[in-house]
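A short worksheet on the structure shown next.
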Amino acid sequence: MKKNIVEIFSKVFDYEEGIRVFFSPGRVNLIGEHTDYNGGHVFPCALSFGTYGAIALRNDNIIRMYSENFIDKGIISFNIDDLKNKEAHDWANYPKGVIKILRQHGYDIKQGFDMVVFGNIPNGAGLSSSASIELLMAVMMNDINKFNIDRIELVKYSQEAENSFIGVNCGIMDQFAIGMGKEDSAILLNCNTLEYKYSKVDLKDEVIVIANTNKRRGLADSKYNERRSECEAALKELQKELKVKSLGELTEEEFENNKYLIKDEIKIKRARHAVYENQRTLKAVKALEENDIVIFGKLMNDSHNSLRYDYEVTGKELDTLVELSSNHEGSIGSRMTGAGFGGCNVSIVKKTMVDDFIKTVGEKYKEIIGYDADFYVANIGCGTREI
Ligand code: GLA
């Protein structure tokens, strides 16, 4: 892959001196959905597929970017002092936003560069292709300019770029999983405090299967922000009596005893998901640590149901895929992953039954939905780095 991207670079820009190559993964969240911005826990891991980037410094203040995934956009070029979000710059707004945020935080990026990227994460599938390219840019700038910025700061700057430059009000999970990923481990992250620990995903007889519904999911125009404000409104009502800063601080029991404070049925459902999903995540990590994969799988199924009925972020494609997956005899557990409204599900499947799982679930999905789902057996990889 490194050789391929260097070749593309020299074809596009017609030179090959001084090129450095980096890789930034995609991520899958195993459990803990829509909990990050509610001050709860998440349990994601970095994937072995992601975004490759080749970069070489220039002697002026021009930045040129080219993506092998968006050939029709050609070479996107701009001056380093002209960092505005431009619709015509399309995908390049993500790395551009990171440069802008780094500069706002006082990091003096003065020298222009040429960059080529190529990604093998399906776009819009909810596996964080955007956070992947944000961290790619952040780590490239940090390493090339020898800024020595702490990795968690780079994670926060990348999230800030997504929030303020792209305009998507996401939490910190995606950037954290991608920046901090570790081989064969998932990360239990407390999104309130950013305390985290790695937990080995040492499956012996099972594999992680990611299935893409192929229904595209637009985060910015989806109901993501609506869910955030519903939860914030529910929290405000609870705060009239309770001293809590986020829904993530509540146990199930505390929630049940105080939910009467929330005046509207919809908001009760949203808050119930946030509270129960957070507790479920802690139980799931404990089960995994005790090698109880059956309990882990059951909690995944419960998570999906809560996202379906209480949080209402699934939809026909995801529900069909999850139902077919969990009804297969090789399945240990299955749920949607990421923001929802389309994108992917994640399942734990018995190794010996994977081929039949993919065939049977795939055929039935096509029969019901009318087009194919794509399946990937996932490997957990490391965070963003030079290769
Ligand atoms: C998206 C956001 C994350 C998180 C998930 C839902 O992926 O970028 O911050 O909120 O949705 O868990």
Side-chain angles (χ1 to χ4, degrees), residues 24-47 50 94 97-98 121-135 155-181 186-192 194 196 210 212-213 216-232 246-248 270-271 273-281 284 299-300 303-304 306-308 310-315 318 335-346:
S24 189
R27 70 94 187 91
V28 66
N29 188 21
L30 298 179
I31 195 160
E33 216 66 81
H34 287 279
T35 44
D36 59 352
Y37 54 84
N38 282 313
H41 292 79
V42 291
F43 194 51
C45 45
L47 295 168
Y94 292 90
V98 172
I121 310 174
N123 282 312
L127 302 177
S128 285
S129 53
S130 53
S132 174
I133 196 166
E134 285 157 6
L135 259 304
V155 163
K156 289 189 198 160
Y157 294 153
S158 300
Q159 184 202 11
E160 193 180 333
E162 178 104 23
N163 292 162
S164 68
F165 194 82
I166 302 296
V168 176
N169 209 5
C170 66
I172 198 151
M173 170 172 75
D174 303 344
Q175 286 79 8
F176 201 97
I178 287 168
M180 299 292 290
I187 311 172
L188 175 67
L189 171 67
N190 177 335
C191 301
N192 221 353
L194 292 195
Y196 66 97
I210 297 173
N212 187 357
T213 58
R216 282 183 68 90
R217 162 204 63 88
L219 236 197
D221 51 28
S222 72
K223 293 190 169 287
Y224 187 87
N225 288 346
E226 188 182 294
R227 293 293 176 277
R228 277 195 81 140
S229 21
E230 285 163 347
C231 285
E232 279 158 20
S246 70
L247 294 175
R270 306 300 190 241
H273 167 76
V275 171
Y276 278 69
E277 178 76 354
N278 180 44
Q279 297 299 326
R280 211 165 9 242
T281 305
L299 292 163
M300 286 175 85
S303 163
H304 186 82
S306 174
L307 289 155
R308 178 175 182 174
D310 273 352
Y311 221 60
E312 296 179 279
V313 289
T314 56
L318 274 170
R335 57 182 290 279
M336 59 151 267
T337 183
F341 312 103
C344 289
N345 84 339
V346 56

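In listed order, ligands and their atoms are each counted from 1.
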If you count the atoms of ligand 1 from 1 in the order shown, which ones are under 4.0 Å from a heavy atom of Met173? 4 (C), 5 (C), 12 (O)
Could you say whether the N/O atoms of Tyr37 and ligand 1 ever approach to under 3.5 Å? no
Which of the atoms in ligand 1, numbered in the order shown and given with their element, are less than 4.0 Å from a heavy-atom of Arg27? 7 (O)
For a quick test of reading the model, state the closest non-hydrogen atom pair linking Ala284 to Ile31 and the distance between them. CB-CG2, 3.9 Å
Just jot down the ligand 1 atoms closer than 4.0 angstrom to any heavy atom of Gly338, in number order. 6 (C), 11 (O)
Is there a nitrogen or oxygen of Asp174 sitting under 3.5 Å from a nitrogen or oxygen of ligand 1? yes
Those atoms of ligand 1 less than 4.0 Å from some heavy atom in Asp36: 3 (C), 4 (C), 9 (O), 10 (O)
Describe, in one word, how the ring planes of Tyr224 and Tyr37 are oriented to each other, choosing from parallel (under 30°), tilted (30 to 60°) and perpendicular (over 60°). perpendicular
Can you confirm whether Cys170 sits close enough to Gln175 that some side-chain heavy atom of one is under 4.5 Å from a side-chain heavy atom of the other? yes
Pairs of nitrogen or oxygen atoms closer than 3.5 Å, one from Tyr224 and one from ligand 1: do any exist? yes
Side chains of Met300 and Val346: closer than 4.5 Å at any heavy-atom pair? yes
Provide the number and element of each atom of ligand 1 under 4.0 Å from a heavy atom of Glu33. 6 (C), 12 (O)
Where's the contact between Met336 and ligand 1, heavy-atom distance under 4.0 Å: side chain, backbone, both or neither? neither
Aromatic plane relationship, Tyr311 with His273 - under 30° parallel, 30 to 60° tilted, over 60° perpendicular: tilted
Any side-chain heavy-atom pair from Arg270 and His34 closer than 4.5 angstrom? no
A side-chain contact here means heavy atoms from C-beta on lying under 4.5 Å apart; do Leu194 and Val155 qualify? no
Counting from 1, what ligand 1 atoms have a heavy atom of Cys170 closer than 4.0 Å? 2 (C), 8 (O), 9 (O)
For ligand 1, which is the ligand I care about here, please tell me if Thr35 has any N or O atom under 3.5 Å from one of the ligand's N or O atoms. no
So, regarding Gly171 and ligand 1 (criterion: nitrogen or oxygen to nitrogen or oxygen, under 3.5 Å), is there a contact or not? yes
Determine, for Lys223 against Glu312, whether the closest basic-nitrogen to carboxylate-oxygen distance falls under 4.0 angstrom. no
